[in-house]
There are 2 protein chains.
Amino acid sequence: MSVKQSRIKRVTQSDVAAMAGVSTAVVSAVISPKPGKTIRVGEEAEKRVRAAMETLGYAPDVVAQSLAGGKRNIIGVFTYEAIFPSDSENFFYPFLLGIERGAMKLGQDLLLFTSSSLEKGPRSIFPGGANRMGVADGAILLGEEPDKRELKRLYDTGFPFVTIGRRDTDKAELNWVAADYTAAVADVVKRCAALGHRKLKFVGATQVREQNIDRERGFMDRQAENLTLSVERLETDDIDGAWLRRCLDDGNTVVLTETFKHAVALERQVAAMSGSVPQTISIVALASPLTRPADVERWTRISVPREEMGEVAVRNLIAQIRSPENTPIKTTLPCGFVPGSTLQAI
Amino acid sequence: MSVKQSRIKRVTQSDVAAMAGVSTAVVSAVISPKPGKTIRVGEEAEKRVRAAMETLGYAPDVVAQSLAGGKRNIIGVFTYEAIFPSDSENFFYPFLLGIERGAMKLGQDLLLFTSSSLEKGPRSIFPGGANRMGVADGAILLGEEPDKRELKRLYDTGFPFVTIGRRDTDKAELNWVAADYTAAVADVVKRCAALGHRKLKFVGATQVREQNIDRERGFMDRQAENLTLSVERLETDDIDGAWLRRCLDDGNTVVLTETFKHAVALERQVAAMSGSVPQTISIVALASPLTRPADVERWTRISVPREEMGEVAVRNLIAQIRSPENTPIKTTLPCGFVPGSTLQAI
DNA sequence: TCTTTTTGATTATACGCTTAATCAAGGTCA
DNA sequence: TGACCTTGATTAAGCGTATAATCAAAAAGA
């Protein structure tokens, strides 16, 4: 006969209620005061309840609160990759900084859904069909989802969440906070034009998501000003000598690359034909690097307000949680232009 | 009159049960088959249940499962500083990596107590007297606590927790996982001896905590082998020209410093008297740097198995949560010796 | 044939909290 | 003085699941 596992004795509401000489409903009301006051508490009683909570060391059980439909002051953070990136200069890290700051300011704890990892590969919101997120009041989703249907499915559950990065879905109005790539790229084009460039090429990733669309739109926005603009989407491998030759022969004087990898690949080809950047051709990177290369500073590029995006995501999420009847909040934040030495006047 | 937010209707066990023509208990048994079989299910019934789950798209509610099972599968992480260090090469970061990995493996979510931050200054476990930790099943404490009484107080609540780093407290047997500084420093002394050093000096921090005691003990362990050992504890500012002169005059050929700051301060003084390390004197750092200086690799030092410590902390915590009647688990993990160019033979 | 065991299920309760529905007591007001 | 409101509470009904306690029927054993 095995020894029975002794349960940890939790301090519960009724313990507190008993000590304070009130009912559990009063304790509940003290923990989470609601404007819709179906239960009212007198000063005296509240004082006794708080004292009892103090001496008993009571903390509400979030799980029970969740089940009962109350608020927990916990926001979930879901990432498709590891939350603490082993590469510490990781692209996602600043978002987390911002999220933590936002959570601090708003008195929220952060729940990281580390349990949803399968053996290998990317995480799933619904590992094995179940969804742990319900423990939190809402969640922030970070990173590129491998399967957009998961977003739709989560949306259908009615669970409040905010994605970092714009998300476009049929039949689902999502909350998101995104960088204003459109304006940022349009600004880059304008600056290039001011520097005398007339033929500009946009080199984008083959994977086309919302942010890529935004960049391309920003690029094309400036068509009017007697510029010649062309767009190509290709793998970095496709940027070879022949490609560069054609690009130059076409008269392009500056290339805007959607990723750092493209920019680096391009510079390598320039070097291969004994040219140099920006003498042979100018380059502007339209992104923050995924992992910080040693020489980032050298590059002319745009910067994404990542920490701020994280903080705003928390604010928007809380707003959405507090009034779910409101329409989804979509926030775009301006990017910065970072001058470097890879863009020159012509 | 505001429109009431219509709750999303969940597919529950009883829906499935109804469709399959059984009771909810059977459905529950089908989802989680336990060895302790208090409920048995026939083949026919199981088939019907599975079919019903399929057609209804049923997914168990993890929150309810947690409530009923008594386990939340949530581990708290408490840090006295910001959890996501803005300096990502931060000393604490690898611990978090390990904690996340451990949590993943054991199917736990991680709750970061960001709400317990006061305006400024270090965090408190009991902000305003309340303790949010009860939210989790247990917690991992990271960083140097400003006030040890908080630990005792937390211990007295019976809440399971593990500290990273050894903690010694009166009347409280704590769980911890620590680096084996004693063995590591003893090893360093042995290596120095093997290289011909006979007079070694230990320079420690004035702040004496458990880990400092451990290092000093490791240093003194080797007294037998006809070595001359001396210990000094001082601020980095106290390492000036006069001090270095005395140190050399005493015949010391190697200094073991407890922190990187001390090591750096010492080297600066050596340079100030036109000497160099390790020609003038050898230096070994007995720690991992708090923030990674550009030239860490140059230093002969010991390395702390931080990621592993984080992972083990999770394991130990879970073990403690599962069987609270067990005695506290104290784990020490071996450090590594990292050869560098600041230690030479004599 | 009568008792005992095994199999396959049901019922009822607990988990800790929120909240609608109630209610008692005292205060207002015509 | 009785009708009505306000205040400060209590009661009780969930939320979705797990599981101990039961139980009926069939199988096995004597």
Side-chain angles (χ1 to χ4, degrees), chain A residues 4-5 7-18 20-49 53 56 58-74 129-132 134-135 137 157-159, chain B residues 4-5 7-18 20-49 53 56 58-74 134-137:
Chain A
K4 186 66 201 169
Q5 160 91 3
R7 271 225 179 177
I8 295 256
K9 177 56 187 151
R10 261 190 166 275
V11 177
T12 74
Q13 260 187 5
S14 36
D15 296 333
V16 176
V22 295
S23 69
T24 66
V26 172
V27 181
S28 175
V30 169
I31 325 177
S32 31
K34 286 284 174 55
K37 42 169 78 173
T38 162
I39 284 186
R40 284 165 296 209
V41 182
E43 273 189 43
E44 284 302 302
E46 171 156 5
K47 218 173 275 177
R48 292 202 314 275
V49 167
M53 294 200 310
L56 292 176
Y58 169 77
D61 181 342
V62 269
V63 171
Q65 282 184 312
S66 299
L67 193 55
K71 291 283 170 281
R72 291 126 269 180
N73 293 323
I74 291 180
N131 171 12
R132 282 276 291 168
V135 176
D137 292 326
T157 66
F159 183 77
Chain B
K4 186 71 199 165
Q5 168 85 357
R7 275 236 172 177
I8 305 299
K9 174 63 186 143
R10 255 191 163 277
V11 178
T12 75
Q13 264 188 3
S14 37
D15 297 332
V16 176
V22 295
S23 69
T24 67
V26 171
V27 180
S28 176
V30 169
I31 335 174
S32 36
K34 286 282 173 58
K37 43 169 76 174
T38 161
I39 282 184
R40 283 166 296 210
V41 182
E43 273 191 42
E44 283 302 300
E46 170 155 6
K47 217 172 275 178
R48 293 202 312 276
V49 168
M53 294 199 313
L56 291 176
Y58 168 77
D61 182 338
V62 199
V63 173
Q65 283 182 315
S66 298
L67 222 214
K71 288 286 172 290
R72 281 93 189 98
N73 293 320
I74 294 178
V135 163
D137 293 325

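Proteins get letters first, then strands, A, B, ... in listed order; numbering begins at 1 in each. Only a predicted model underlies this, so the values are computations on that prediction, with no experimental measurement involved.
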Applying the side chain to side chain contact (heavy atoms under 4.5 Å, CB included) criterion to B:V27, which one of B:V22, B:D15, B:T12 satisfies it? B:V22
Listed nucleotide nearest any side-chain atom of B:V41, set D:dA18, C:dT18, C:dA9: C:dA9
A:S23: side-chain hydrogen bond (donor to acceptor under 3.5 Å, both in side chains) partners, not counting sequence neighbours: none
With sequence neighbours left out, the residues meeting side-chain hydrogen bond (donor to acceptor under 3.5 Å, both in side chains) with B:S32 are none
Scan residues 21-30 of chain B against DNA chain C and write down, sorted by residue number, each residue with any heavy atom closer than 4.0 Å; if none is found, say none. B:V22, B:S23, B:A25, B:V26
Provide, to the nearest angstrom, the distance between the [atom1] atom belonging to [X] and the [atom2] atom belonging to [N].
| X | N | atom1 | atom2 | result |
| --- | --- | --- | --- | --- |
| A:R10 | C:dA14 | CZ | P | 19 Å |
| A:Q13 | D:dG14 | CD | P | 19 Å |
| B:I31 | D:dT17 | CD1 | P | 6 Å |
| A:L67 | D:dA13 | CG | P | 17 Å |

At under 4.0 Å between heavy atoms, which parts of nucleotides 22-27 of chain C does protein reach? Answer with one letter per nucleotide, 5' to 3': B base, S sugar-phosphate only, - none. ------
Protein and nucleotides 25-29 of chain D: nitrogen or oxygen contacts under 3.5 angstrom:
none

Let me check the geometry of the helix from C:dT1-D:dA30 to C:dA30-D:dT1. What is the bend angle between the axes at its two ends, five pairs each, to 10°? 50°
Evaluate the side-chain proximity of A:V135 to A:R72: yes if any heavy-atom separation is below 4.5 Å, no if none is. no
Kindly say whether A:K71 contributes a backbone atom to a donor-acceptor pair with the side chain of A:D137 at under 3.5 angstrom? no
